[in-house]
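See below for the structure under consideration.
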2 protein chains.
Amino acid sequence: MGATKKELFTKKQNEIAAMAKAIAHPARIAILHELLKANACICGDLVDELGLAQATISQHLKELKNVGLIRGTIEGTSICYCIDPLVWSAYKEVFAHFFKEAPASQNCC
Amino acid sequence: MGATKKELFTKKQNEIAAMAKAIAHPARIAILHELLKANACICGDLVDELGLAQATISQHLKELKNVGLIRGTIEGTSICYCIDPLVWSAYKEVFAHFFKEAPASQNCC
DNA sequence: CATATCAATCGTAAAATTACGATTGATATG
DNA sequence: CATATCAATCGTAATTTTACGATTGATATG
């Protein structure tokens with residue numbers, strides 16, 4: 001045990017959960033905030049901004065890259081990161097759609 | 001190590017991450033889907049619907065209750081669950097706001 | 001009151017996540 | 001070419017998450 005039983009759920013359910021998991025860590029939220037704030041590429045000052053070790057941040061960046069939310073481009077001796085606008089809007093859309101349905105009103109429980 | 005260093009991040013960042021984590025499992029997405037579909041309370045047939053053990057589902061329900069997304073009311077020998085509309089819209093709002101900012105266009109990386 | 005039913009909780013095992021130091025590899029720069 | 005810099009990766013430890021069987025507690029029902 002310990003491993004999520006993905007086969008029990010629909011593709012959509014696994015997808016939404018995976019997307020949520022990708023942003024389910026404050027460091028990754030902070031990274032995305034930085035990238036949004038800069039509104040452009042950011043070349044590695046992330047290690048200075050957040051207080052985590054270089055290896056840890058690299059790991060978070062990897063996760064964000066794996067789901068496609070960010071891209072990295074080699075820029076001389078350092079690397080530039082930026083948000084992928086298409087994947088970003090896909091995320092926006094999925095969460096908007098998920099929360100779109102309004103739950104039944106107070107009259108239930 | 002192994003524990004998230006929450007003190008490094010803003011309250012908002014920790015909040016968004018925590019909200020994402022709450023729905024970062026397909027079983028919890030499936031539970032919310034069921035509650036939305038029923039558009040009312042559901043009395044415990046969740047164990048039959050999802051293929052997980054009763055203890056496991058109870059644990060997922062507990063997490064959803066902890067963040068306030070669902071409520072449970074005792075109904076005779078069983079318990080009725082439903083989505084809390086206010087917390088639900090709070091979630092909708094937070095994610096909508098987070099993804100609202102448009103990242104810089106393709107011209108970057 | 002004895003029994004059945006439902007859900008929470010306990011205890012525990014397996015796996016995944018988070019974090020970091022150290023190393024590696026790649027690219028400038030002197 | 002030697003050296004410095006930056007980021008990925010490796011190896012590993014601590015912690016958290018996921019899952020389940022077993023038990024417990026509470027509420028109906030005979």
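Side-chain atoms are counted along with the backbone in the values below, which use heavy atoms only and exclude waters and symmetry mates. Below, chain A is the first sequence line, B the second, and so on; all start at residue 1. Computed from a predicted model, the values in this text were never measured in an experiment.
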Practice task
May I ask you to test the A/N14-A/K6 pair for a side-chain heavy-atom distance under 4.5 Å?
Solution key: yes

Problem - Contact pattern, 5' to 3', of nucleotides 24-30 of chain C - B, S or - by protein heavy atom under 4.0 Å - result: ---SS--

Handout entry: Note, A/V94 side chain near B/F95 side chain (heavy atom, < 4.5 Å)
Key = no

Exercise for the section: Taking the side chain as every heavy atom from C-beta outward, state whether B/T73 and B/I79 have any pair of such atoms under 4.5 Å apart. Expected result: no

Practice task
Would you give the length of the straight line joining atom CG of B/L61 to atom CG of B/L46, rounded to the nearest 0.5 angstrom?
Solution key: 6.0 Å

Handout entry: A/K12: partners by salt bridge (charged side-chain N to carboxylate O under 4.0 Å, His left out), with sequence neighbours left out
Key = A/E15

Problem - Of residues 46-67 of chain B, the positions that come close to DNA chain C - non-hydrogen atoms, cut-off under 4.0 Å - result: B/Q54, B/A55, B/S58, B/K62, B/K65

Exercise for the section: Taking only the side-chain nitrogens and oxygens of A/Y81, find out if one of them lies under 4.0 Å from OP1 or OP2 of D/dA8. Expected result: yes

Practice task
Applying ring pair (Phe, Tyr, Trp, His ring centres under 6.0 Å), name anything that partners B/Y91, two or more places apart in sequence or on another chain.
Solution key: none

Problem - B/T10 side chain to B/Q13 backbone, donor-acceptor under 3.5 Å - result: yes

Handout entry: Ring center gap for B/F9 and A/H33 short of 6.0 angstrom
Key = no

Practice task
Enumerate the residues from residues 19-29 of chain B whose closest heavy atom to DNA chain D is under 4.0 Å, giving them by residue number; use none for an empty result.
Solution key: B/K21, B/H25, B/R28

Handout entry: 4.5 Å side-chain heavy-atom contact, A/I70 and A/L35
Key = yes

Problem - A/R28 side-chain N/O to A/K21 backbone N/O, donor-acceptor pair under 3.5 Å - result: yes

Handout entry: Length of the line joining A/K5:NZ and C/dA16:P, which is rounded to integer Å
Key = 14 Å

Problem - Bracket string, DNA chain C, 5' to 3' - pairs by Watson-Crick or G-U geometry under 3.5 Å, | interstrand - result: ||||||||||||||||||||||||||||||

Fill in the blank from the handout: On DNA chain C, more 5' by nearest nucleotide between A/T4 and B/A3 is A/T4

Exercise for the section: Could you tell me the separation between the OG atom of B/S89 and the CG atom of B/D84, rounded to the nearest 0.5 Å? Expected result: 8.0 Å

Handout entry: Rounded distance in Å - CG (A/N14) to C1' (D/dT18)
Key = 14 Å

Exercise for the section: Could you give me the CA-CA distance, side-chain angles and deciding distance for B/V87 and B/V67, then say whether side-chain contact (heavy atoms from CB on, under 4.5 Å) is met? Expected result: CA-CA 9 Å; B/V87 179; B/V67 298; 5.9 Å; no

Completion exercise
On a heavy-atom basis, the closest approach of B/I29 and B/I23 is CD1-O, 3.3 Å

